[in-house]
J.: 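Right, I'll just put the structure down here and ask away after.
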Amino acid sequence: TTLTREMGETLKAIGLQPKVMSGDDWLHKMRVLFNWGEEASWRHFNTKANPNVPLRSQVVEWGSMAKGDSGGISLPGKYIKLASTHIWPDYFHLNQMYNLIGDWRTGARGIRDNLAIVLNIHFPNAEKARNKMGTKRQTVNYQAFGPMTKWIPKLRQQKESHDALYESLEKGGRILKSYLQFIVFSDDKESAERSFSTMRTFYREQGFQILEEKHFTLPLFLNALPFGQDAKALQMLNRYRTLTSRECSHLSPILSDWKGTGTPILNFISRNGQLMGIDLFDSLTNYNITVAAKSGSGKSFLTNDIIM
């Protein structure tokens, strides 16, 4: 379709490699998220969608169910906890999204359970959104220069926020509504509690305050899935924040550890646990390699191992 083609070209223009998903592709990814047991069909067979049954009815396998409670969601073989961003850092850059996975410099800290970082984005009508924001800005500016700031200091902060938003719009940004969500997949409820505690402390040091979701856990999880976002939930959930496309792009969870060249001749593990398969002969130009590390860390040992 035209929308699919335009979206694909836009993603390619910023250096990504989008792939158009078929029904089989979507169903496979959903089954992986919902069915973690050793006997899950996707572990043993290629996923094939039944054309006579809606895709949504083929995700959870027979004999299994997703059950939400006050602490999270129970799935076959996993327990899920969800968190939402309550306070955002004042300044943030795309590279810092990588730090939300773990400390890539030392590997000593980070989220060690399966983690999903989801950025839900709603594109409202551009003209209506801008007009509505303009009216709200006029009201805030009027109040910020009046005597009300003496009793409500927050008005001055609201004016600064609206000024920053309009500055971004003047530079080509578009008004969006976005919602940053974190989902931890653990083996059991106790492990999920530990992972969430670690994540909350780790993110606080980076300027994010996240809050655990204890109600509506299943609807929130469904809204985080591909094609699961519900426009009617925008107002009900009260989780979306108004940004422009310029700021929202820096919150995109598109950075992660390198997975290697694709051929697993040499097998390594990154500091955050990512498997990396490397073959020097996958290069289209030359077959050189550089090993860099501090003195005494094992460069010579590694080089000899690669040669052997």
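This structure is a prediction, so every number in the text was calculated from the model and none was measured.
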J.: Working to the nearest 0.5 Å, report the span between OG1 of T217 and CG of L220.
T.: 7.5 Å

J.: Side chains of T263 and T261: do they bring a donor and an acceptor to under 3.5 Å?
T.: no

J.: Is it true that, when you exclude E205 itself, more than 12 heavy atoms of the residues, nucleotides or ligands shown sit nearer than 6.0 Å to its CD?
T.: yes

J.: Verify side chain to side chain donor-acceptor pair (under 3.5 Å) between S168 and E247, making sure each step is shown before the conclusion.
T.: CA-CA 8 Å; S168 181; E247 291 79 37; 3.0 Å; yes

J.: In chain order, what residues pass the salt bridge (Lys or Arg N to Asp or Glu O under 4.0 Å) check against E213, with sequence neighbours excluded?
T.: R239

J.: Do R194 and S191 have side-chain N/O donor and acceptor atoms under 3.5 Å apart?
T.: yes

J.: I289, I278: one ILVMFWY side-chain cluster at the under-4.5 Å cut-off?
T.: yes

J.: Report the distance from atom CG of L82 to atom CD1 of I73, rounding to the nearest 0.5 Å.
T.: 5.0 Å

J.: Parallel, tilted or perpendicular for F208 and F182, by the 30°/60° rule?
T.: perpendicular

J.: Would you call the rings of F221 and F185 parallel, tilted or perpendicular, where under 30° means parallel and over 60° means perpendicular?
T.: perpendicular

J.: Any chance NZ of K259 has more than 12 other-residue heavy atoms, nucleotides or ligands included, within less than 6.0 Å?
T.: no

J.: Check the pair F196 / I210 against side chain to side chain contact (heavy atoms under 4.5 Å, CB included), numbers first and verdict last.
T.: CA-CA 10 Å; F196 176 77; I210 61 173; 4.1 Å; yes

J.: Does a donor on one side chain and an acceptor on the other come within less than 3.5 Å for S41 and E61?
T.: yes

J.: In the structure I gave you, are the side-chain heavy atoms of M199 and V184 within less than 4.5 Å of one another anywhere?
T.: yes

J.: Does atom CD1 of I265 have more than 12 heavy-atom neighbours, drawn from other residues, nucleotides or ligands, at distances under 6.0 Å?
T.: yes

J.: So, S256 and Q274: side-chain donor and acceptor under 3.5 Å apart, yes or no?
T.: no

J.: I'd like to check F216 versus N223 (side-chain heavy atoms, cut-off strictly below 4.5 Å). Are they in contact?
T.: no

J.: Would you say M21 and L33 are hydrophobically clustered, going by side-chain heavy atoms of ILVMFWY under 4.5 Å?
T.: yes

J.: With side chain to side chain contact (heavy atoms under 4.5 Å, CB included) as the criterion, how do H28 and D25 come out once you've worked through the C-alpha distance, each side chain's angles and the decisive distance to 0.1 Å?
T.: CA-CA 5 Å; H28 174 76; D25 295 332; 5.9 Å; no

J.: Check this for me: H215, atom NE2, are more than 12 non-hydrogen atoms of other residues, nucleotides or ligands nearer than 6.0 Å?
T.: no

J.: When you look at CZ of R43, are more than 12 heavy atoms from neighbouring residues, nucleotides or ligands closer to it than 6.0 Å?
T.: yes

J.: Work out which heavy atom in S178 is nearest to a heavy atom in W88; give both atom names and the distance.
T.: OG-CH2, 4.3 Å

J.: Ignoring hydrogens and geometry beyond distance, is a side-chain donor-acceptor pair present between S70 and K214 at under 3.5 Å?
T.: no

J.: Apply side chain to side chain donor-acceptor pair (under 3.5 Å) to R246 and list each qualifying residue two or more places apart in sequence or on a separate chain.
T.: none

J.: Heavy-atom count around N267 CG within 6.0 Å, excluding the residue itself: above 12?
T.: yes

J.: Give, for atom CG of L251 and atom CG of L94, the distance between the pair rounded to the nearest 0.5 Å.
T.: 9.0 Å

J.: Show, in sequence, the C-alpha distance, side-chain angles and deciding distance for I111 and I101, and conclude whether the side chain to side chain contact (heavy atoms under 4.5 Å, CB included) test is met.
T.: CA-CA 6 Å; I111 316 304; I101 301 174; over 6 Å; no

J.: Would you find more than 12 non-hydrogen atoms of other residues, nucleotides or ligands less than 6.0 Å from N286 atom CG?
T.: yes

J.: Would you say the side chains of D113 and S195 form a donor-acceptor pair under 3.5 Å?
T.: yes

J.: Salt bridge or not between R174 and E127? Use side-chain N to carboxylate O under 4.0 Å.
T.: no

J.: Would one find more than 12 heavy atoms of other residues, nucleotides or ligands at under 6.0 Å from atom CE of M7?
T.: no

J.: Give the cluster check for W42 versus M30: same hydrophobic cluster or not, with ILVMFWY residues linked at side-chain heavy-atom distances below 4.5 Å.
T.: no

